[in-house]
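Given the structure is predicted, the values throughout are model-derived calculations rather than measurements. Values below: all heavy atoms of this structure, side chains included; hydrogens, waters and symmetry mates excluded. Proteins get letters first, then strands, A, B, ... in listed order; numbering begins at 1 in each.
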Amino acid sequence: MTKKIPIDFYRRDDVVQIALDLIGKDLYTYIEGKICAGTIVETEAYRGPEDRASHAFNNRRTPSNEMMYRAGGKVYMYICYGIHDMLNIVTGAEGCSHAVLIRAIEPHTGIEHMRERRKLYNDDHRLCQGPGSLAKAMGLNKSHNGSDILLSDKIWIEDSGKKFSADEIKASARIGLNFDGPYKMIPWRFYLKGNNYVSRSNL
DNA sequence: TATAGGATAGGCT
DNA sequence: GCCTATCCTATAG
């Protein structure tokens with residue numbers, strides 16, 4: 001018996017702790033009549049406004065990133081490199097712009113739908129490996145921006161009951177950051193050690 | 001209106 | 001492992 005994670009989980013101020021706590025939770029989507037789900041195995045924390053890697057760095061506000069300023073528990077979708085949709089969960093209180101990027105899940109439900117969306121039939125460990133692939137496999141895109149992770153019937157997160165000890169989860173610098181400075185190397189990426197569904201698992 | 005740049009993925013060496 | 005196509009968005013003029 002599983003259930004959705006309560007809203008207080010997302011409204012905490014410590015986005016790094018939330019990114020860590022999301023490892024092992026189950027992400028579900030019900031899109032185009034297809035139910036898909038998997039266990040979160042890789043996340044990254046983005047802490048606006050002081051984190052240069054965050055879209056909300058320096059309190060930057062645009063129509064695209066507006067969702068980051070909502071109270072925790074909203075879905076923030078962002079298009080990267082013009083082609084890849086990425087799934088973020090907004091955290092913290094209203095007006096605070098922290099978010100967690102979901103980078104990879106280990107699929108366990110609706111895998112045949114994921115294969116179809118990805119046109120990838122013989123490589124299941126790559127279906128949701130990396131944020132762009134994950135969104136595509138799960139049927140997520142910019143139209144899901146602003147969904148409420150507790151109220152939406154298209155996307156939600158459940159507590160799988162799985163528990164991981166501190167030495168089973170590894171922290172590293174975040175991926176793909178294109179600048180120099182103290183936040184480039186800060187270890188705000190978390191992933192399950194040895195898990196085959198994690199992107200770039202050696203870093 | 002034009003243009004630079006970006007939280008990638010996949011193909012090739 | 002390295003390289004780059006690809007195209008949306010923000011920003012400047």
Practice task
Classify the nucleic acid contact of A:S133 as base, sugar-phosphate or nothing, counting any heavy atom under 4.0 Å across all strands shown.
Solution key: sugar-phosphate
Handout entry: Charged N-O contact under 4.0 Å between A:K3 and A:E158
Key = no
Fill in the blank from the handout: Side-chain contact check for A:P131: nearest option of B:dT8, B:dG10, C:dT6 is B:dT8
Practice task
Write down the partner of C:dT6 under the Watson-Crick or G-U wobble criteria, each distance required to be under 3.5 Å.
Solution key: none
Problem - Electrostatic pair A:D124-A:R115, nearest N-O below 4.0 angstrom - result: yes
Handout entry: Atom-to-atom span, CE of A:M86 to P of C:dC7 - whole angstrom
Key = 15 Å
Exercise for the section: Decide whether a cation-pi geometry holds between A:R11 and A:F9; the criteria are a distance under 6.0 Å from NZ or CZ to the six-membered ring centre and an angle within 45° of the ring axis. Expected result: no
Completion exercise
When rounded to whole Å, the OH to P distance for the pair A:Y81 and C:dA10 reads 16 Å
Exercise for the section: Return yes if the base of B:dA7 and the side-chain atoms of A:H84 contain a donor-acceptor N/O pair under 3.5 Å, otherwise no. Expected result: no
Practice task
Look through every strand shown and name the nucleotide pairing with C:dG13 as Watson-Crick or G-U wobble, where both distances are under 3.5 Å.
Solution key: none
Exercise for the section: Give one of base, sugar-phosphate or nothing for A:R61, where a contact means two heavy atoms less than 4.0 Å apart. Expected result: nothing
Practice task
Rounded off to whole Å, could you give me the CG-to-P distance for the A:N178 and B:dG5 pair?
Solution key: 10 Å
Problem - Sugar-phosphate only, base, or nothing, as touched by A:R118 at under 4.0 Å among non-hydrogen atoms - result: sugar-phosphate
Practice task
Respond yes when some side-chain nitrogen or oxygen of A:R60 is under 4.0 Å from OP1 or OP2 of C:dT11, and no when none is.
Solution key: yes
Exercise for the section: Looking only at side-chain atoms of A:Y78, point me to the closest of B:dA9, B:dA7, C:dC8. Expected result: B:dA7
Practice task
Answer yes or no: is there an ion pair linking A:E168 with A:K162, defined by an N-O contact shorter than 4.0 Å?
Solution key: no
Exercise for the section: Measure from NE2 on A:H55 to C1' on C:dA10 and round the result to the nearest Å. Expected result: 12 Å
Practice task
Would you please classify the geometry between the A:Y28 ring and the A:W156 ring as parallel, tilted or perpendicular, with 30° and 60° separating the classes?
Solution key: parallel
Exercise for the section: Give the rounded distance in Å between these two atoms: CG of A:N59 and C1' of C:dA10. Expected result: 17 Å
Problem - Residue matched to B:dA7 through Watson-Crick or wobble contacts both under 3.5 angstrom - result: none
Practice task
Answer with base, sugar-phosphate or nothing: what part of the nucleic acid does A:K136 contact at a heavy-atom distance below 4.0 Å?
Solution key: nothing
Problem - Whole-Å gap separating C1' (C:dT11) and CG (A:N65) - result: 14 Å
Exercise for the section: Look at A:S54 and B:dA7 and indicate whether a side-chain polar atom (N or O) is within less than 4.0 Å of OP1 or OP2. Expected result: no
Practice task
Write down the distance between CG (A:N141) and P (B:dT8), rounded to a whole number of angstrom.
Solution key: 19 Å
Practice task
Would you mind reading off the distance between A:Y183 atom OH and B:dA7 atom P, rounded to a whole angstrom?
Solution key: 17 Å
